[in-house]
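As structure tokens, the structure follows; a few thoughts come after it.
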Amino acid sequence: MALNSSQVKSKQPGAHADGGGLYLIVRDTGERVWGFRFTAPDGKRAMMEFGTVGDKPGELTLTAARDQAREYRLALKKDGVDPRHKKQLAAKGDVTFESYWRAKAAEWLRGRSERDEEVLAWTRSLRDLSKLHDKKLHEIDTTHVVEALKLIWWKKPVSAGRTRERLERVLSAAKVEKHRTGENPAAWRDNLKHLLPSPRKLNRKKGHASINYERAPALMAALAYDPYPVARCVEVGILCCSRSQEIRLMEWDELNFAKRTWLIPAEKMKIKGEADPKPHLVPLTDAAIAIIQSMPRVGRYVFPSNHADEHQPFRANALVGAIKRAGFAATMHGMRTTFRNWGADDREHNFRREVLEFCLSHRVGDEAEL
């Protein structure tokens, strides 16, 4: 039977049920506390003490204890939230998403310079998630995540996909550190996958900006007038049919001028469908060798950024900017498309498809053919 106010004050030592999982616990010392007995999400029975009996500040009356027990029951039934975790959240409930993101990013990126590409990427991702900045970590749900990501999802799908991955990692850390409970609202599988289109599909529809191969000589001529090192990086990248990351991260130790080759390490390769990427050997033309040898050897990278205080490679946008300054709308990846179209249309040399695909370091054929 339910307790009344008189019984709350007069009950002898023991655990006395009020109903709905609420218990009055009286210790041998006379101390009286409220407890909540429940079945945890893992199926185990548990008892949690959550407040001292009384009507003074910081204490709970019978009515207040019943209200609190009701909240615990609803959280268990609706969201599968363990009341013990809910109690921990109350103690950490003032942590905002923005402050937690900055703290975790600083921890995960410790040792990197402020202009490091990964540091800048995390900063941009936080900026793109402005709708979440002031929210408490335990308040964020899937609706909030979708609303925040919608601002960038269709405009820049690749960056938005990476932002979602960083968001998922931050919210997972918050759960481990008891700042939130429940499923991760930024998870893709069985969650956002059903609410947002795939970033890969969106990017595939948009494609990489390229130019007609008949205009490629004009682009190379325009780049030759650009005095900045990034233009040299773009020139060699076009001559070698390289991806942006590969040419930006080209190192002197990867080059063999005697054999006229550039060996790109496996860890720098990005080959779709290749679980175990292999190094990629690139033959160097006279023009490519001349440009590379014109660069001063001042560190590990052949094309270091002239805008950074430390020796580090250019960011991807710098290469696109150089092409834009030359008067053309294309990306480094788009220039690979330009090469592929030229090779397919060329009748003088009649290149085999496999040759063109290997030049682009693409996977060709099934396992047996490989």
Side-chain angles (χ1 to χ4, degrees), residues 117 208-271 277-308 311-343 346 351 355-362:
E117 193 164 328
H208 297 281
S210 61
I211 62 174
N212 189 293
Y213 55 79
E214 293 177 347
R215 301 180 64 204
L219 170 58
M220 295 298 284
L223 287 169
Y225 285 100
D226 189 329
Y228 295 107
V230 67
R232 309 289 79 77
C233 182
V234 173
E235 287 174 330
V236 176
I238 292 174
L239 290 170
C240 295
C241 306
S242 305
R243 298 178 178 88
S244 173
Q245 173 178 285
E246 295 163 4
I247 190 62
R248 287 186 294 110
L249 301 181
M250 175 189 272
E251 300 182 32
W252 290 106
D253 291 345
E254 299 166 1
L255 300 167
N256 187 323
F257 292 113
K259 294 183 178 180
R260 302 167 62 85
T261 58
W262 167 30
L263 184 63
I264 307 175
E267 60 268 19
K268 292 184 181 179
M269 297 302 300
K270 177 188 174 185
I271 305 177
K278 305 293 190 299
H280 180 53
L281 189 65
V282 182
L284 297 175
T285 63
D286 291 340
I289 290 175
I291 295 170
I292 293 171
Q293 291 184 333
S294 71
M295 299 300 297
R297 190 161 184 169
V298 294
R300 62 186 283 200
Y301 297 113
V302 176
F303 303 106
S305 172
N306 57 313
H307 295 296
H311 182 80
Q312 61 187 46
F314 285 103
R315 299 200 300 274
N317 289 341
L319 275 62
V320 177
I323 297 175
K324 187 175 181 180
R325 283 198 305 274
F328 294 80
T331 65
M332 287 303 298
H333 214 92
M335 293 309 299
R336 287 163 56 84
T337 302
T338 298
F339 163 79
R340 185 63 177 80
N341 292 339
W342 167 79
D346 185 84
F351 295 115
V355 172
L356 296 173
E357 291 301 302
F358 275 121
C359 286
L360 295 170
S361 67
H362 282 170

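Numbers here are sequence positions counted from 1.
Taking every heavy atom of both residues into account, Ala330 and Ile211 meet most closely at CB-CG2, 3.9 Å. The shortest heavy-atom contact between Tyr301 and Arg248 is CD2-O, 4.3 Å. The shortest heavy-atom contact between Leu356 and Gly343 is CD1-C, 3.5 Å. Counting all heavy atoms, side chain and backbone alike, Arg243 lies closest to Ser361 at NH1-OG, 2.7 Å. Closest heavy-atom contact between Ile323 and Thr331: CD1-C, 4.1 Å. Across every non-hydrogen atom of Val298 and Pro304, the tightest pair is CG2-CG, 4.2 Å.
From Thr338, atom OG1 reaches atom NE2 of His333 across 11.5 Å, with rounding to the nearest 0.5 Å. Separating the CG atom in Leu281 from the CG atom in Leu284 is a distance of 8.5 Å, to the nearest 0.5 Å. Rounded to the nearest 0.5 Å, atoms SG (Cys240) and CZ (Phe339) are 11.0 Å apart. To the nearest 0.5 Å, the span separating SG on Cys241 from NE2 on His280 amounts to 8.0 Å. Between Thr337 atom OG1 and Asn212 atom CG the span is 12.5 Å, to the nearest 0.5 Å. Between atom CE of residue Met335 and atom OG of residue Ser242 there is a gap of 12.0 Å, rounded to the nearest 0.5 Å.
Residues Lys268 and Glu246 are not paired through a salt bridge, judged by the lack of any N-O separation under 4.0 Å between the basic side chain and the carboxylate.
For Phe351, the ring-ring contact (aromatic ring centres under 6.0 Å, His included) criterion is met by Trp342, His349, not counting sequence neighbours. Considering only residues two or more places apart in sequence or on other chains, Pro279 meets the side-chain contact (heavy atoms from CB on, under 4.5 Å) condition with Leu263, Ala266.
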With a cut-off of 3.5 Å and sequence neighbours excluded, list every side-chain donor-acceptor pair involving residues 226-238.
unit_1, atom_1, unit_2, atom_2, d
Asp226, OD1, Tyr228, N, 3.0
Asp226, OD2, Arg325, NE, 3.4
Asp226, OD2, Arg325, NH2, 3.1
Arg232, NE, Glu235, OE1, 2.8
Arg232, NH1, Asp226, O, 2.7
Arg232, NH2, Leu223, O, 2.8
Arg232, NH2, Asp226, O, 3.0
Arg232, NH2, Glu235, OE2, 3.3
Glu235, OE2, Ala224, N, 3.4

Verdict with reasoning, Arg260 to Asp286, per side-chain contact (heavy atoms from CB on, under 4.5 Å) = CA-CA 9 Å; Arg260 302 167 62 85; Asp286 291 340; 2.4 Å; yes
For side-chain contact (heavy atoms from CB on, under 4.5 Å), just list the numbers for Met295 and Met250, CA-CA rounded to whole Å, side-chain angles, deciding distance to a tenth of an Å, and then say yes or no.
-> CA-CA 12 Å; Met295 299 300 297; Met250 175 189 272; over 6 Å; no
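Between the side chain of His311 and the main chain of Arg300, a donor-acceptor pair closer than 3.5 Å is present.
Residues His362 and Arg336 meet the side-chain proximity criterion, which asks for heavy atoms closer than 4.5 Å.
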